Amino acid sequence: MDIRLQLLESFEAVGSDGQRYTVRAYDRLVAVPGSVDGWEPSGQIEYRLADERPVEAGPDGALRVAGSNLLLSQVPEPARG
């Protein structure tokens, strides 16, 4: 199955190691012959760090760098006022 990734958003996170990371959320697009541009959203979200390492999202929303014990917590955006 052919797929492409379409960037949805990026956000800052702090790891359990105290380091800051940029996490990017992508929608997985699937090839659909006959569609307008040949690709349609699958509804499956894939997370990756800026350095392309995959990030796993648990059912409770917890984020962990795949293949490691590194947990990530999203940094809240400052309030705009």
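Just the heavy atoms: all of them, side chains too, but no hydrogens, waters or symmetry mates, feed the values below. What you are looking at is a predicted structure, and each value in this text was computed from that prediction instead of being measured.
Interatomic distance, Glu52 CD to Arg24 CZ, rounded to the nearest 0.5 Å: 7.0 Å. We find the CD-CG distance between Gln44 and Leu29 to be 11.0 Å, quoted to the nearest 0.5 Å.
Across all their heavy atoms, Leu5 and Tyr26 have their closest contact at CB-CD2, 3.7 Å. Pairing each heavy atom of Asp17 with each of Tyr21, the nearest pair is OD2-OH, 2.6 Å. Closest approach of Tyr47 to Ala25, counting heavy atoms only: CE2-CB, 3.6 Å. Closest approach of Val23 and Ala13 over heavy atoms only: CG2-CB, 3.9 Å.
The shortest distance between side-chain heavy atoms of Arg20 and Glu12 falls below 4.5 Å.
Under the 4.5 Å side-chain contact rule for hydrophobic residues, Val55 and Leu8 share a cluster. Each of Val14 and Phe11 belongs to its own hydrophobic cluster when Ile, Leu, Val, Met, Phe, Trp and Tyr are linked at side-chain heavy-atom distances under 4.5 angstrom.
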Which side-chain N or O atoms in residues 64-72 pair as donor and acceptor under 3.5 Å with protein atoms at least two apart or in another chain?
residue	atom	partner	partner atom	Å
Arg64	NH1	Ser68	O	2.6
Arg64	NH2	Glu56	OE1	2.3
Ser68	OG	Val65	O	2.8
Ser68	OG	Leu70	N	3.1

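Applying the salt bridge (charged side-chain N to carboxylate O under 4.0 Å, His left out) rule to Arg4 yields no partners; only residues at least two apart in sequence or on another chain are considered.
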Let me see the working for Ser42 and Asp27 under side-chain contact (heavy atoms from CB on, under 4.5 Å), right down to the final yes or no. CA-CA 7 Å; Ser42 70; Asp27 189 355; 3.8 Å; yes
